[in-house]
Amino acid sequence: MRKPIVVGNWKLNGSSADNESLVLGVIDGMRELNGVDVGVCPPFVYLPQVEKLAEATDLGLGAQNCSEHDSGAFTGEVAPRMLHDIGARYVILGHSERRAMYGETDEMVSDKVKAALSAGLTPILCVGETLEQREADETEAVVRQQLAAVISGNGIQAFEHIVIAYEPVWAIGTGRTASPEQAQEVHAFIRGQLADHDANVAQSVRIQYGGSMKPGNAAELLAQPDIDGGLIGGASLKSEDFLGICRAAADTVG
Ligand code: PEP
């Protein structure tokens, strides 16, 4: 049985005051939650604030990106060892917004995964197709290629320490969610790709769904056999919405 994992991606949102009420609300609601890993990924500058608020709780802390480098002349970058140093557990890598807007290639994502793993972080590796690619029937080819780069750069055993997020780009921030059947189909495909290398790793890896997941659609998505949680954008900015999804994930555990 894979433990569900729900992580909030705050993107470029937040302020000291808003973060405090959001995080305290999430922590409060988490008291009634069992059997689910919950995390939040604020912008870099707010990580220490959230780390302090979440101290001695089960709320996991994550970043939204990191450098593939450990140190050196890389102005504006943040090394994964620095994230680990300030208490982060997760780092989102290869988010479609970074691939599309900041030119991150599959190879760069693979290098970042390697750096994050060496620093002791759990990468949340995002994969997913654009609407154009889905309509051209290229979903599997795109996802296969995104995974293959990370498998060839890190080896299949690395996936024992990676969480995958399947995020169809056309469903991110659009209000348009993949149907449970559409999502399940790709999640099963992802697991199958890993199983071609190692069946045990494939069975144990957790695969989140991301793309307009909300309290109202979370239960049916999370009921799918290969959907093990959610990566949540918009709905992670309100504690009640985020907790509604976390509760739906906890309900799948029974
Ligand atoms: C995301 O950006 O990872 C995401 C899933 O966003 P949203 O929930 O807003 O679609």
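We use all heavy atoms of the structure for the numbers below, so side chains are in, but hydrogens, waters and symmetry mates are not. Both ligands and their constituent atoms are indexed starting at 1 by order of listing.
A side-chain donor-acceptor contact under 3.5 Å links T130 and Q133. The closest side-chain donor-acceptor pair between W170 and E132, if any, does not fall under 3.5 angstrom. Inspection of the Y166 and Q184 side chains reveals no N or O donor paired with an N or O acceptor under 3.5 Å.
Of all atoms in ligand 1, numbered sequentially from 1 with element shown, those under 4.0 Å from a heavy atom of G211 are 5 (C), 10 (O). Within ligand 1, the atoms closer than 4.0 Å to a non-hydrogen atom of G210 are 5 (C), numbered from 1 in the order shown. Interface atoms of ligand 1 facing N9, defined by a heavy-atom separation under 4.0 Å, are 1 (C), 2 (O), 3 (O).
For atom 3 (O) of ligand 1, the nearest non-hydrogen atom of the protein is E167 OE2, 2.7 Å. Looking from atom 9 (O) of ligand 1 to the surrounding protein, the closest heavy atom is G234 N, 2.9 Å. Among all non-hydrogen protein atoms, the one lying nearest atom 2 (O) of ligand 1 is K11 NZ, 2.6 Å.
Between the choices G233, G8, A171, the shortest heavy-atom distance to atom 7 (P) of ligand 1 belongs to G233. Selection from H95, Q208, Q64, M213 by nearest heavy atom to atom 1 (C) of ligand 1 gives H95.
Looking at E68 and K114, no side-chain N of the basic residue comes within less than 4.0 Å of a carboxylate O on the acidic one, giving no salt bridge. Taking a cutoff of 4.0 Å between a charged side-chain nitrogen and a carboxylate oxygen, R99 and E104 do not qualify as a salt bridge. Taking 4.0 Å as the cut-off between side-chain N and carboxylate O, D228 and K3 do not count as a salt-bridged pair.
For the ligand labelled ligand 1, residue G173 lies inside the 4.0 Å heavy-atom shell.
For ligand 1, none of its N or O atoms has an N or O atom of L231 under 3.5 Å away.
Other members of the hydrophobic cluster containing V45, listed by chain and number, are Y46; membership follows side-chain contacts under 4.5 Å among ILVMFWY residues, whether direct or relayed.
For E240, the salt bridge (charged side-chain N to carboxylate O under 4.0 Å, His left out) partners are R247, not counting sequence neighbours.
If you look at I172 next to ligand 1, the close heavy atoms, those under 4.0 Å, come from the backbone and the side chain alike.
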